[in-house]
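Structure record follows, encoded as structure tokens.
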Amino acid sequence: MKFSIIVAAYNVEDYIDECLEALKRQTYTDFEVLVIDDASTDQTRARIEACIAGDERFTLLEQPANSGLSAVRNVGLSHARGEYVLFLDSDDYYVDDALERLAARLDADQLDLLFFGAETFYENARLRRERFEDQATREDITEVLAGPEFYVRFEETESFRPSACLFAVRRSLIEAAGLRFLEGIIHEDLLFLLQMIVLPERVSFLNEPLYMRRMREGSIMTQHYSMRNVDGLFRVAQTLRAWLYEQEGCYSQEFCDAFGARVFDTYHVAARYLFDIDEADVDAYRDSLSFADRLDFDMFIKDVFERIRDVYDEITGSRTYRLGRVFMAGPSWLKSRLVSPDKW
């Protein structure tokens with residue numbers, strides 16, 4: 001069997017049919033689909049059962065209690081039998097010939113890992129303005145490279161996207177490394193991807209939009225930022241930084257520089273999230289940390305946030321900034337209201 005496709009589903013009754021029907025339409029048919037219902041409280045399970053009835057390629061697995069995306073994907077990995085594994089979010093879907101195009105490239109280049117492109121579509125104009133994702137400007141990387149070399153190219157071309165849904169990976173590679181998603185956090189994709197990227201010998205990128213990525217209200221990606229986001233990024237950055245410190249002499253300087261820059265960026269994103277979070281929540285979180293983690297949190301996230309805030313306050317308090325806002329208000333207001341519906 002070529003592909004095992006792991007679909008994590010939780011309260012997606014309005015979207016799961018489209019996801020599964022797109023899989024049933026695939027022009028390449030040598031695959032299995034493991035749909036794991038994470039104890040949904042709506043009609044998700046019933047819709048899955050109705051959609052996959054009679055198709056032996058689909059298996060429904062049920063979690064006894066809601067356990068989160070990482071745990072669900074790990075359940076899928078424990079049941080997977082395919083040569084390659086893919087992860088598909090249950091509110092997204094593949095274009096009809098996605099698996100055919102992936103199989104052709106994987107076989108032609110004998111790849112261990114193949115990244116591919118996506119197209120993001122938006123449920124409304126607000127999401128497009130506030131949660132815009134640049135999927136269209138990723139540069140082609142047609143060479144076949146070892147994982148660490150490929151990662152350097154990915155970062156150099158600004159084509160890196162931290163999503164577990166945008167690659168097909170040889171299952172034996174993951175199993176040999178004992179690699180699983182870290183449970184109990186969000187932003188787990190970034191950690192899994194960077195732990196995985198050093199493993200394969202043959203990696204490439206199919207820069208074609210095979211994955212239709214839905215940006216909708218109420219999803220993990222569009223929820224208001226909270227300390228859960230900050231904690232996830234902090235845990236990811238801490239794990240990656242500790243690993244990098246142990247790699248002296250193991251990888252090229254270019255790889256270590258790129259990897260280190262990504263770790264710093266992860267801390268920095270967490271710092272920016274603090275703009276949306278009450279100070280009392282931040283303090284309560286700090287009080288819950290160990291002595292060492294609290295020191296790191298303050299140095300890499302809290303102190304960075306305070307410096308960013310000071311610069312922002314200085315800029316926004318200046319007369320030049322206020323005048324600029326007056327002159328730009330008209331064009332900005334007009335532009336925000338001229339987003340064509342076909343761009344949502």
Show the numbers, then the answer: is there a ring-ring contact (aromatic ring centres under 6.0 Å, His included) between Tyr251 and Phe259? CA-CA 10 Å; Tyr251 298 99; Phe259 199 97; 8.3 Å; no
Using a 4.5 Å cut-off on heavy atoms from C-beta on, say whether the side chain of [Y] contacts that of [X].
X: Arg57; Y: Ile52; value: no
X: Glu139; Y: Asn207; value: no
X: Arg47; Y: Thr44; value: no
X: Thr157; Y: Ile141; value: yes

[Y]/[X] salt bridge by N-O under 4.0 Å criterion:
X: Glu143; Y: Arg153; result: yes
X: Arg213; Y: Asp89; result: no
X: Asp231; Y: Arg228; result: no

Phe264 vs His268 aromatic rings, parallel, tilted or perpendicular, using cut-offs 30° and 60°?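 If you compare the ring of Phe264 with that of His268, the planes turn out parallel.
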Using 30° and 60° as the class limits, which term best fits the ring planes of Phe167 and Phe192: parallel, tilted or perpendicular?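 Ring orientation of Phe167 relative to Phe192: parallel.
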The test is side-chain hydrogen bond (donor to acceptor under 3.5 Å, both in side chains); show your working for Arg235 and Gln238 and say whether it passes. CA-CA 5 Å; Arg235 298 300 174 190; Gln238 290 287 86; over 6 Å; no
Under the side chain to side chain donor-acceptor pair (under 3.5 Å) test, which residues partner [X], sequence neighbours left out?
X: Arg171; value: none
X: Asp287; value: Arg294
X: Asp281; value: none
X: Asp189; value: Arg73

Would you say the side-chain atoms of [X] and [Y] include a donor-acceptor pair closer than 3.5 Å?
X: Gln63; Y: Asp37; answer: no
X: Glu32; Y: Ser4; answer: yes
X: Asp96; Y: Gln26; answer: no

Under 3.5 Å, is there a donor-acceptor pair between the side chain of [X] and the main chain of [Y]?
X: Ser70; Y: Leu182; value: yes
X: Arg170; Y: Leu111; value: yes
X: Glu156; Y: Tyr151; value: no
X: Asp97; Y: Thr27; value: no
X: Asn229; Y: Ser226; value: yes

Give me each pair satisfying side chain to side chain donor-acceptor pair (under 3.5 Å) with a member in residues 195-206, each pair once, sequence neighbours excluded.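 The answer is Arg105-Ser204.
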Look up atom [atom1] in [X] and atom [atom2] in [Y], then write down how far apart they are to the nearest 0.5 Å.
X: Leu166; Y: Leu210; atom1: CG; atom2: CG; answer: 9.5 Å
X: Arg180; Y: Glu183; atom1: CZ; atom2: CD; answer: 10.0 Å
X: Ile48; Y: Ser40; atom1: CD1; atom2: OG; answer: 6.5 Å
X: Ile277; Y: Tyr285; atom1: CD1; atom2: OH; answer: 10.5 Å
X: Leu99; Y: Arg25; atom1: CG; atom2: CZ; answer: 12.0 Å
X: Leu191; Y: Leu240; atom1: CG; atom2: CG; answer: 5.5 Å

Kindly indicate, with the supporting measurements, whether the criterion side-chain hydrogen bond (donor to acceptor under 3.5 Å, both in side chains) is fulfilled by Asp140 and Thr142. CA-CA 6 Å; Asp140 293 336; Thr142 57; over 6 Å; no
Only one of Val85, Asp30, Leu106, Val33 clears side chain to side chain contact (heavy atoms under 4.5 Å, CB included) with Phe3; which?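 Only match with Phe3 under side chain to side chain contact (heavy atoms under 4.5 Å, CB included): Leu106.
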Check Val230, Leu233, Leu190 against Val269 for a side chain to side chain contact (heavy atoms under 4.5 Å, CB included) and give me the one that passes.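 Only match with Val269 under side chain to side chain contact (heavy atoms under 4.5 Å, CB included): Leu233.
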Kindly determine whether Phe275 and Tyr225 satisfy ring-ring contact (aromatic ring centres under 6.0 Å, His included), including the steps that lead there. CA-CA 9 Å; Phe275 276 100; Tyr225 297 129; over 10 Å; no
Kindly state each residue pair satisfying salt bridge (Lys or Arg N to Asp or Glu O under 4.0 Å) with at least one member in residues 249-274, sequence neighbours excluded.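 Residue pairs passing salt bridge (Lys or Arg N to Asp or Glu O under 4.0 Å), neighbours aside: Glu155-Arg262, Arg262-Asp265.
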Passes ring-ring contact (aromatic ring centres under 6.0 Å, His included), Phe115 versus Phe150? Steps please. CA-CA 11 Å; Phe115 291 91; Phe150 182 87; 5.5 Å; yes
